[in-house]
Structures are given as C-alpha cells and as structure tokens.
Amino acid sequence: MTQTTEVKQDNDDGIRPMISMSQVLKRIPLSRSTIERKVKEGTFPQSYPIAPMRVGFFLDEIVEWQRKLVEQAAAKAA
C-alpha cells in the first residue's frame, strides 16, 4: 500500500514532472552558466535533452538538491 501511495504522490501515471532551464532559474538564484557548470561537475542534478536546444530537469531531483543544501547548512551551523 505504501508503494501505491508514493506513486500517486508523484503522478497517477508514474511520469515524473520535468521543468525547463528557465523554470529552474526562477527557483534557484544562480546564473545559467553556474548551473551548467555545476551539472558538469556533478554538484547539481543532471539535465536531459528533451528537444533540439532544450533541456529539462526532473522536478523531484531539484527539490532533493535544495533539501540537501538546507541540511548541509544546518549541519554546519550546529
């Protein structure tokens, strides 16, 4: 039953929502070049090509990156 609940929280059809680079830039106060660099370094969620000249990010991976950032900041403050 727990697995069914988790799937329904994401989406009933199991498809993970994606957001565009412009949507990422609205959520994360970094420049496009900094995000691209961090993706290459492996310190930011991977982008996926979804059309020519367009990439998408999985929303849940961006949210998880933000959560980890907050946890790391809290650990340093403690």
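Nearest heavy atoms, V39 versus S47: CG1-N, 4.1 Å. Residues F57 and Q46 share a closest heavy-atom pair of CD2-O, 3.6 Å. Heavy-atom minimum distance, M18 versus Q23: O-OE1, 4.5 Å.
With rounding to the nearest 0.5 angstrom, the OH atom of Y48 is 4.5 Å from the CD atom of E61. Atom CD1 of I50 sits about 11.0 Å away from atom CE of M21, to the nearest 0.5 Å. Atom CD of Q66 sits about 13.0 Å away from atom NZ of K68, to the nearest 0.5 Å.
Tracing side-chain contacts under 4.5 Å through hydrophobic residues (I, L, V, M, F, W, Y), one never reaches F58 starting from L69; they form parts of separate clusters.
One N or O on the side chain of W65 and one on the backbone of T43 form a donor-acceptor pair closer than 3.5 Å.
We find that E41 and R37 are joined by a salt bridge, their nearest charged nitrogen and carboxylate oxygen being less than 4.0 Å apart.
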Return a table of donor-acceptor pairs under 3.5 angstrom between the side chains of residues 24-33 and protein atoms on other chains or two or more places apart.
residue: S31; atom: OG; partner: S33; partner atom: OG; Å: 3.2
residue: S31; atom: OG; partner: T34; partner atom: N; Å: 3.1
residue: S31; atom: OG; partner: T34; partner atom: OG1; Å: 2.9

